[in-house]
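Working notes, beginning with the structure itself.
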Amino acid sequence: MTLAALTEAIDKLVDADPFTLSDAESIESLHRDLARLEAVVTRAAAAFDAAGSWAPDGARDAASWLAVRCHLPKKEARRRVRLGRRLSAIPSFTDAWLAGELTAAQVGAVARLGRTPVVEALTDHEETLCAQARTLRFESFVKALAYFEQLADPDGIEADELERRDRRSVHLSRSISGLWFGQMTLDPISGTIVDDELRRLEKELFEIDWAAAKERLGRDPIPADLARTPGQRQADALVEMASRSRAAGDGRRPVPLFSVFVGYETLHGRICELANGAVVSPGALLPWLDQALVERAVFGSGPRVEIGPATRLYGGATRRAIELRD
């Protein structure tokens with residue numbers, strides 16, 4: 001098929017009534033073909049890079065040429081060339097992408113695995129991971145990759161975890177006009193603590209806004225009727241967090257709870273993740289041990305789970321056991 005024929009086929013789709021393509025089967029087919037086309041373009045971009053066809057135009061490299069000539073963000077241009085270079089090392093994923101069975105996001109997640117022990121393990125287990133990519137939702141596949149990295153290179157993943165924690169920072173500065181601007185980078189555990197509390201307070205503010213709008217309008221409001229936007233409520237929730245912290249004085253600080261699963265790995269496979277599903281390494285928990293509560297859950301061969309002494313903090317060991325098991 002020539003590029004002219006492809007252009008002609010796309011022209012026909014452009015001229016078609018979008019509602020003729022809006023059924024479930026057509027949408028799935030369109031996304032499958034879109035993935036295939038993106039795979040072809042990415043592979044061609046890598047060949048373009050290797051051939052040096054960008055040099056006669058005076059470009060610094062292939063990514064720079066793509067950014068200018070194809071109007072791509074530089075980050076996206078670099079990602080496409082870099083991903084194209086990696087395709088030869090993951091043939092199963094490349095074939096599945098070209099067949100429309102995978103997306104660029106899935107293949108890109110695999111291509112980012114760069115440490116030598118992980119790459120070597122990937123060579124041996126690529127088919128298995130590719131089969132998982134075909135069947136799992138994207139978030140679940142990313143989680144499976146995280147566990148694969150832990151098992152393939154436990155020392156490397158611990159070093160990465162320490163590096164991620166060392167990157168933590170918060171920047172807050174006031175502009176000339178008096179507005180405050182900020183940026184933050186947090187490790188998975190610190191970020192989860194902040195995010196959970198921010199969302200809880202934002203929900204409180206949402207319920208206040210909802211009730212006020214309903215009283216004002218005499219009906220159930222829609223989001224546009226509320227006094228604050230989601231971003232404004234999150235900003236107010238952040239201020240509320242600071243206000244409550246200042247007012248707390250010597251009040252008790254919330255602390256993490258670590259649930260240690262004894263025997264679970266033997267029966268069900270490794271698990272080391274936060275309550276929100278984020279996968280972390282065991283080493284990520286070390287900085288928190290001096291302030292965390294720890295409970296022990298012993299898994300036997302049957303359905304019963306024995307909970308350790310820390311369950312006195314909860315209303316019912318049986319309920320807690322079911323939460324941990326399921």
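Source: prediction; values computed, not measured. Positions are given from 1 along the sequence.
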**Request:** In sequence, state the C-alpha distance, the side-chain angles, and the governing distance for R167 and D187, and then conclude on salt bridge (charged side-chain N to carboxylate O under 4.0 Å, His left out).
**Result:** CA-CA 8 Å; R167 288 171 58 191; D187 62 88; over 6 Å; no

**Request:** For salt bridge (charged side-chain N to carboxylate O under 4.0 Å, His left out), just list the numbers for E204 and R200, CA-CA rounded to whole Å, side-chain angles, deciding distance to a tenth of an Å, and then say yes or no.
**Result:** CA-CA 6 Å; E204 287 184 7; R200 186 183 71 82; 2.9 Å; yes

**Request:** Apply side chain to side chain contact (heavy atoms under 4.5 Å, CB included) to the pair E38 and V41, showing each step before the final yes or no.
**Result:** CA-CA 5 Å; E38 190 170 6; V41 172; 5.6 Å; no

**Request:** I would like to know whether E120 and D124 meet side chain to side chain contact (heavy atoms under 4.5 Å, CB included); could you show each step before the answer?
**Result:** CA-CA 7 Å; E120 292 175 348; D124 296 330; 6.0 Å; no

**Full working for side chain to side chain contact (heavy atoms under 4.5 Å, CB included) between Q234 and L198** = CA-CA 7 Å; Q234 285 209 352; L198 192 63; 4.1 Å; yes

**Request:** Would you please test R228 and L205 for side chain to side chain contact (heavy atoms under 4.5 Å, CB included) and show each step?
**Result:** CA-CA 9 Å; R228 289 175 282 195; L205 298 180; 3.8 Å; yes

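You'll find the side chain of R233 reaches within 4.5 Å of the side chain of D209, heavy atoms only. Using a 4.5 Å cut-off on side-chain heavy atoms (C-beta onward), E273 and V280 make no contact. Residues C130 and L102 meet the side-chain proximity criterion, which asks for heavy atoms closer than 4.5 Å. Residues P223 and F206 are not in side-chain contact: their nearest non-hydrogen atoms beyond the backbone lie 4.5 Å or more apart. Proximity of E149 to L145: side-chain heavy atoms (C-beta onward) are nowhere separated by under 4.5 Å. Side chains of S26 and D23 form a contact here, defined as non-hydrogen atoms less than 4.5 Å apart. Under the 4.5 Å side-chain criterion, counting only non-hydrogen atoms from C-beta, R168 is not in contact with M184. Here the side chains of V194 and L186 are in contact, with some heavy-atom distance below 4.5 Å.
Side-chain atoms of T192 and D195 form no donor-acceptor pair, as typed in the model, at a separation below 3.5 Å. Using a 3.5 Å distance cut-off with no hydrogens or angles, the side chains of H171 and S173 do pair a donor with an acceptor. In the model, D17 has no side-chain atom that pairs as donor or acceptor with a side-chain atom of T20 under 3.5 Å.
Classification of E240 and R244 as a salt-bridged pair holds, one side-chain N sitting under 4.0 Å from a carboxylate O. Under a 4.0 Å N-O distance rule, the pair E28/R32 does not qualify as a salt bridge. Look at R165 and E161 and you find no salt bridge, because none of the NZ, NE, NH1 or NH2 atoms lies under 4.0 Å from a carboxylate O. Look at R199 and E202 and you find no salt bridge, because none of the NZ, NE, NH1 or NH2 atoms lies under 4.0 Å from a carboxylate O.
Tracing side-chain contacts under 4.5 Å through hydrophobic residues (I, L, V, M, F, W, Y), one never reaches F148 starting from I157; they form parts of separate clusters. Tracing side-chain contacts under 4.5 Å through hydrophobic residues (I, L, V, M, F, W, Y), one never reaches L162 starting from I189; they form parts of separate clusters. Two different hydrophobic clusters hold M241 and W180 under the rule that ILVMFWY side chains link at heavy-atom gaps under 4.5 Å. Hydrophobic clustering (side-chain heavy atoms under 4.5 Å, transitive across Ile, Leu, Val, Met, Phe, Trp, Tyr) groups Y147 together with F261. Residue F258 is grouped with residue L274 when hydrophobic side chains (ILVMFWY) are merged at heavy-atom distances under 4.5 angstrom, including chains of intermediate members.
Between atom CD of residue E8 and atom OG1 of residue T2 there is a gap of 8.5 Å, rounded to the nearest 0.5 Å. Taken to the nearest 0.5 Å, the OG1 atom of T185 stands 12.5 Å off from the CG atom of D166. From Q150, atom CD reaches atom CD of E158 across 7.5 Å, with rounding to the nearest 0.5 Å. With values rounded to the nearest 0.5 angstrom, D11 atom CG is found 9.5 Å from L6 atom CG. Remark: D57 CG to S64 OG distance equals 12.0 Å, nearest 0.5 Å. The distance from atom CZ of R60 to atom CH2 of W54, rounded to the nearest 0.5 Å, is 10.5 Å.
Between the side chain of S29 and the main chain of E25, no donor-acceptor pair closer than 3.5 Å is present. No donor-acceptor pair closer than 3.5 Å links the side chain of S53 to the backbone N or O of D49. One N or O on the side chain of R36 and one on the backbone of L98 form a donor-acceptor pair closer than 3.5 Å.
Within 6.0 Å of CD on E127 lie no more than 12 heavy atoms contributed by other residues, nucleotides or ligands. Residue-environment remark: CD (E215) stays at or below the threshold of 12 foreign heavy atoms within 6.0 Å. Counting heavy atoms of neighbouring residues, nucleotides and ligands inside a 6.0 Å radius, atom CD of Q183 does not exceed 12 of them.
In terms of heavy atoms, L113 sits closest to R86 at O-NH2, 3.6 Å. Smallest separation of non-hydrogen atoms from C272 and P282: SG-N, 3.8 Å. Closest of all the heavy-atom pairs between E126 and A89 is OE1-O, 4.3 Å. When every heavy atom of A45 is checked against every heavy atom of L66, the shortest pair comes out as CB-CD1, 4.4 Å. Taking every heavy atom of both residues into account, A152 and P117 meet most closely at O-CB, 3.8 Å. Contact detail for A35 and T103: the closest heavy-atom pair is CB-CA, 4.5 Å.
When ring centroids are compared, W65 and F48 come within the 6.0 Å threshold.
In summary, of the residues considered (R216, R219, K214), a side chain to side chain donor-acceptor pair (under 3.5 Å) with D225 occurs for R219 alone.
Using bins of under 30°, 30° to 60° and over 60° for the plane-to-plane angle, the ring pair F93/F141 lands in the tilted bin.
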